[in-house]
Amino acid sequence: MLKRCTLAIAAATATFAVAACTSVDAQSEPPSSAAATGPAGAADGVLPDKTSAFDTDLPGISKLDPELLNAVQKAETAMRQDGITMHVNTGWRSKKYQEELLTRAIAKYGSKKKALEYVATPEDSHHVTGDAVDIGPTAADYWLIRKGARFGLCQTLSHEIWHFELVTTPGDKCPPMG
């Protein structure tokens, strides 16, 4: 057995690191490239606090599916008219960023199986394809839950009130969540 420590690095508003020591045999996979090249940054889709859907200079916004981006921008404009402030907490994410989030979840929850209840793999994440956005604050989430179908936006994960995707024709009803 070869003992090594892997470093899961998180970049949000402040950068912090969590070290998770594990015993692995010599045939185990090498550490992810995210740990080797540093934490995910703006080029990977990390967004600053209070990002607007109109901040298209940021890859996390500009790399969203164009139809999704248009719908989120229309929703943000309508929310403003109702006195609600909306922020995109996360939009498009690189595979590296998604892997970093999964690695952090594994450290937090103690196993990959448990972490996958909360964070998708890069291959399964709709953020990596640019087909999902996480919205905040809570008032904006509830507004979108009530009125988002006007724009084709629906909450798609029952345990994440902030996660929205373009899954219906604008004006139709949202499909049941899986």
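Computed from a predicted structure; not experimentally measured.
Listed here is the closest heavy atom pair of T85 and P137: O-CD, 3.3 Å. Smallest separation of non-hydrogen atoms from S52 and V88: C-CG2, 4.3 Å. Taking every heavy atom of both residues into account, G91 and H127 meet most closely at O-ND1, 2.8 Å. Closest non-hydrogen pair, D131 versus E165, comes out as O-CG, 3.3 Å. Considering all non-hydrogen atoms of both residues, Q155 and M177 come closest at O-CG, 3.3 Å. In terms of heavy-atom proximity, L58 sits nearest to P48 at CD1-CD, 3.8 Å.
Screening L68, T156, L153 for a side chain to side chain contact (heavy atoms under 4.5 Å, CB included) with V167, the sole residue that qualifies is T156.
Residue L144 holds its CG atom at 12.5 Å from NE2 of H163, rounded to the nearest 0.5 Å. Put simply, CD1 on I106 and CG on L116 are 7.0 Å apart, with the number rounded to the nearest 0.5 Å. Here CZ of F151 is found 11.0 Å from CD of E76. Values are rounded to the nearest 0.5 Å. Separating the CH2 atom in W162 from the CG atom in D141 is a distance of 8.0 Å, to the nearest 0.5 Å. Taken to the nearest 0.5 Å, the CD atom of E160 stands 10.5 Å off from the OH atom of Y118. How far CG of L64 is from CZ of R93: 11.0 Å, rounded to the nearest 0.5 Å.
Between D82 and W143, the side chains place a donor N or O and an acceptor N or O closer than 3.5 Å (distance only, hydrogens not considered).
Salt-bridge check for E117 with K114: passed, with a basic side-chain N closer than 4.0 Å to an acidic carboxylate O. Using a 4.0 Å cut-off between charged side-chain N and carboxylate O, E99 and K95 make no salt bridge.
Looking at heavy atoms from C-beta onward, L69 lies in side-chain contact with T56 at the 4.5 angstrom threshold. Counting only heavy atoms from C-beta outward, the side chains of T77 and Q73 never approach each other to under 4.5 Å. In this structure, the side chains of V128 and E123 stay at 4.5 Å or more apart for every pair of heavy atoms. Residues T51 and D49 form no side-chain contact, since every pair of their non-hydrogen atoms from C-beta on lies 4.5 Å or further apart. Looking at heavy atoms from C-beta onward, V72 lies in side-chain contact with M86 at the 4.5 angstrom threshold.
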Decide salt bridge (Lys or Arg N to Asp or Glu O under 4.0 Å) for E100 and K96; before the verdict, give the C-alpha distance in whole Å, the side-chain angles of both, and the deciding distance to 0.1 Å. CA-CA 6 Å; E100 185 176 303; K96 171 186 171 178; 5.8 Å; no
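A distance-only check finds a donor-acceptor pair linking the side chain of T168 to the backbone of K173 [under 3.5 Å]. In this structure a side-chain-to-backbone donor-acceptor pair under 3.5 Å is present from T129 to H126.
More than 12 heavy-atom neighbours from other residues, nucleotides or ligands sit within 6.0 angstrom of CZ on F54.
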